[in-house]
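A short worksheet on the structure shown next.
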Amino acid sequence: MEDTLSSTFENHYIAADEGLQKNSSTSTKNSSVPITNNNNHHSSSEQDDVIFCCFGKCKIPKTKKAFSQYILSCVTIMNVLLLLFVLQGLFGLSSSFILLYTSGDRVLESTRQFQQLQIQIFINHELTEFIKTSSLMAEHIKYQLQHLPLNLRDDIVWLRLFQYFYAIYSNQVPISGVYFGKKNDDIFNLLVDDTGNYYVKRNNATNHMEWYKTSIKDQINYDFFTRNSTMTDPTPFFPTPRPWFKLFLDSSNTLPKWSDLFVNIRDQWSLTLSIPIYVNETVTKQTFLKSPIYEDKSNPTPNNLYGVVGIQLSLNRIHEFINRTFSTYYGTLDFVMIINSKADVVAKTSHYSRNDSKIVENLILREIKDLKLLSLIHPTVGVGDSSEISVSNQTHFSVSSQNGVVDVLFTVITDYYGLDWAIVIGVPSRTFVEEIFSGGGISSVIIFIVVFVFGMLFLFLIVKAISNPLQKIARRMVDLVHFKGIHKTEKNRMSIFYDVRNMQKSMKSMRRGIRTFSKYVPEIIVKQVMNSKHDSEYGKIGMTLQNMSVFFSDIVDFTSFAEKTDTTTFLSVMTEYFSAMCQVMEDNQGLVDKFIGDAVLAFFNESSFAIENHEIHACRSALDSFNILSELNTKWKLCGYSELDMRIGINSGNMLCGNIGAENRMNFTVIGDAVNIAARLEALNKMFDTKILIGEDTYNKVKDEFICYFVDYIVVKGKDKAIAVYSLVCDIKNATEEQKELSKDMEIIKKQFFSFEFKEMTENCKEVYQKTNSKIVENLLARSVNLQLMKETIPELTVQDISLRLSAK
């Protein structure tokens with residue numbers, strides 16, 4: 001197969017080269033074709049009725065199918081533009097009508113819906129997330145006590161634990177203190193003041209408290225209480241009488257619970273999420289002297305209560321948290337309050353839109369009591385899931401003040417640990433008349449402007465719906481002329497306008513035709529045809545001399561592969577192979593000229609696709625071809641197919657490139673001596689047991705980029721002058737030390753060859769052959785022996801004499 005293809009290459013290009021030197025003339029005969037006008041040959045039964053309407057002359061078809069097409073054909077740009085003028089007048093009348101007869105109920109309903117959305121978002125996202133985080137902190141503390149045994153008497157362990165929880169949760173929950181109170185009235189807590197300072201307070205059942213200033217980032221060691229300054233507070237503090245501790249003195253509950261509101265030691269209203277700590281013995285004075293002692297909830301009775309861990313939330317901090325949350329996410333809502341089952345105000349927003357906000361607040365609280373809404377708050381401990389927040393019993397009512405009516409929504413919020421809250425949201429309510437005339441008629445003006453802008457926007461969208469498809473068609477036409485994105489598959493949205501839709505369909509058909517045409521003809525031809533301004537600029541026979549690189553590849557034992565492979569597998573493998581080769585050429589900016597059987601002919605640096613260092617691009621495409629073939633062979637082997645191998649020849653130089661052939665049948669290709677050499681180099685791979693052979697002109701341009709071995713100085717078949725031939729091995733960046741060393745050895749052998757140092761060349765060849773066992777070195781060794789004998793016969797031996805005696809086998 002290789003010999004047949006080599007012969008084909010040689011005969012084709014040499015014949016073309018010789019034929020180009022001969023002048024030939026062709027004559028064409030013009031024949032006239034009569035044109036018959038059939039426009040007036042419609043039968044009377046096929047003619048449509050013609051009427052004149054505001055859109056011009058229209059034909060009314062008689063069939064349903066034709067009628068539907070007629071409706072679509074009426075949607076033209078001119079018809080739509082006329083319709084826009086009519087709509088403009090209608091929009092003006094509609095604006096006046098809406099200005100006078102707009103329904104106030106619709107406006108108020110929209111406002112109420114928006115308020116409902118704000119309420120729903122607030123309840124479901126902000127407040128519930130805040131409560132969930134507090135509950136999560138309690139669960140976290142319970143987990144630490146149950147799974148990481150903690151000595152309850154070790155204050156350093158508690159300080160580290162509290163510091164850890166502060167670091168995690170203080171940005172999400174407004175914590176003002178975390179403490180551990182014991183049944184013997186010992187207490188240990190970590191507090192933060194209004195300035196952000198952290199303090200550790202410890203009361204060891206004495207009549208005074210010890211204060212230690214610290215930081216949330218301090219490293220806590222067992223020398224903490226000795227190395228930190230101490231402040232003494234003579235005021236005694238006993239945890240057992242506090243509301244957060246008394247929750248468990250008479251109960252056997254093991255779950256955390258929310259306390260009632262109380263005043264803390266800093267005279268601030270607070271509430272606490274309390275967590276009971278039990279031990280597996282009756283708690284006495286001796287119990288607090290034991291160390292270590294650990295939590296055990298196997299017998300949770302008041303007698304086994306060791307102490308209570310409390311997470312204290314200051315109402316001031318909750319108030320700040322609520323206001324910060326509203327400002328961050330929703331701006332300022334009109335009126336929001338959080339109360340408990342005893343009508344105590346837990347938190348409220350400070351952004352009121354009314355001057356009598358305090359009066360309205362008292363009116364709302366009174367109305368809640370009168371309606372007995374507090375009875376709807378039923379806090380339950382241990383019912384449901386600890387991660388769930390119950391939002392229920394939504395109730396609407398209104399209160400009136402001197403400045404108007406306030407619509408109020410009352411919603412109950414409870415959780416797993418007995419939270420008894422309700423959120424109260426109030427929004428000022430206006431009547432229809434107040435809405436229309438509020439602000440001196442500003443609302444009416446706004447309505448008019450909105451309607452007017454809507455009308456203009458509608459007209460703008462219609463015009464854009466016309467212009468956008470036309471602009472896209474124009475852009476795609478320009479891209480089509482310049483052959484950009486021709487192979488991309490686009491899902492175009494068809495226009496609703498009949499005219500534009502026809503243009504889009506025509507453009508799609510043209511794009512499809514050019515894409516199909518480009519599969520049969522080199523891309524350069526299609527580009528030349530598309531970019532030509534006159535008919536005379538393309539379709540002519542003619543070639544120009546250009547400096548280019550040409551690439552030949554051939555599959556090894558292709559004939560045997562074709563005979564042994566069934567047709568379906570053969571087509572599948574060859575299609576995948578040729579597709580991969582085309583992609584490699586495209587990636588390296590080369591152009592595939594044609595496929596000749598299993599062979600691929602490609603060239604680089606055609607004038608319309610000029611590239612710098614085209615020799616490097618050609619060599620890199622050869623290496624990439626073997627890489628992709630290796631991947632394909634791996635895939636084919638898994639499918640049970642035969643593996644393929646190939647050989648490549650590359651040469652660079654001046655060659656003719658352009659159209660050649662007959663007047664009505666042409667081929668865009670390259671011809672010339674440089675092309676013939678590339679074809680012969682591909683065939684010589686078999687002789688030298690190489691994969692890629694390149695010519696001397698190519699080597700001189702790429703020797704600094706790739707590892708190349710000198711192969712021989714030889715006269716290729718069909719030529720009289722000898723040329724140096726090189727084997728392309730790999731990119732110099734990826735070369736091994738052995739490959740680099742062999743390249744240097746071959747360069748030395750090459751210099752000895754052209755310096756007529758054949759004796760030294762023979763010794764070097766023997767040495768290198770012993771290390772590599774290379775077929776190239778073996779051939780050079782035989783060549784050096786013969787040249788040494790020739791030199792002894794012809795003392796005045798020249799390179800020209802060597803060239804005359806060399807011939808390819």
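All heavy atoms count here, side chains included; hydrogens, waters and symmetry mates do not.
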Please walk me through it: do D587 and Q583 pass side chain to side chain donor-acceptor pair (under 3.5 Å)?
-> CA-CA 6 Å; D587 293 343; Q583 186 61 48; 2.8 Å; yes
With a 4.5 Å limit on heavy-atom distance, are the side chains of K721 and D673 in contact?
-> no
Of I650, V550, N651, which is the lone residue that meets side chain to side chain contact (heavy atoms under 4.5 Å, CB included) with I677?
-> N651
Between E576 and K635, is a salt bridge (Lys or Arg N to Asp or Glu O under 4.0 Å) present by the stated rule, with each step listed?
-> CA-CA 11 Å; E576 195 167 6; K635 175 183 176 182; 2.5 Å; yes
Compute whether any side-chain donor of one residue and acceptor of the other, for N627 and E631, lie under 3.5 angstrom apart.
-> no
Taking atom types as modelled, is there a side-chain donor on S652 or D697 under 3.5 Å from an acceptor on the other?
-> no
So do Q739 and C730 actually touch side chain to side chain, heavy atoms under 4.5 Å?
-> yes
Donor + acceptor pair across side chains of N588, D624 (<3.5 Å) | yes
Passing option when I648 is tested against I694, N685, I692, T690 for side chain to side chain contact (heavy atoms under 4.5 Å, CB included) | I692
Under a 4.5 Å cut-off applied to non-hydrogen side-chain atoms, are I723 and Y713 in contact?
-> no
Are more than 12 heavy atoms from other residues, nucleotides or ligands located less than 6.0 Å from atom NZ of K775?
-> yes
Below 4.5 Å, heavy atoms only, C-beta onward: do S549 and F603 meet side chain to side chain?
-> no
Does a side-chain heavy-atom distance below 4.5 Å link L591 with F668?
-> no
Is I776 close to F710 at the side-chain level, that is, under 4.5 Å between some pair of heavy atoms?
-> no
Flag yes if more than 12 heavy atoms outside K771 fall under 6.0 Å of its NZ atom; otherwise flag no.
-> yes
Taking atom types as modelled, find out whether N605 and H617 have a side-chain donor-acceptor pair closer than 3.5 angstrom.
-> no
Is there a side-chain contact between F626 and M646 (heavy atoms, below 4.5 Å)?
-> yes
Does the S625 side chain pair with the main chain of S621, one donor and one acceptor, at a distance under 3.5 Å?
-> yes
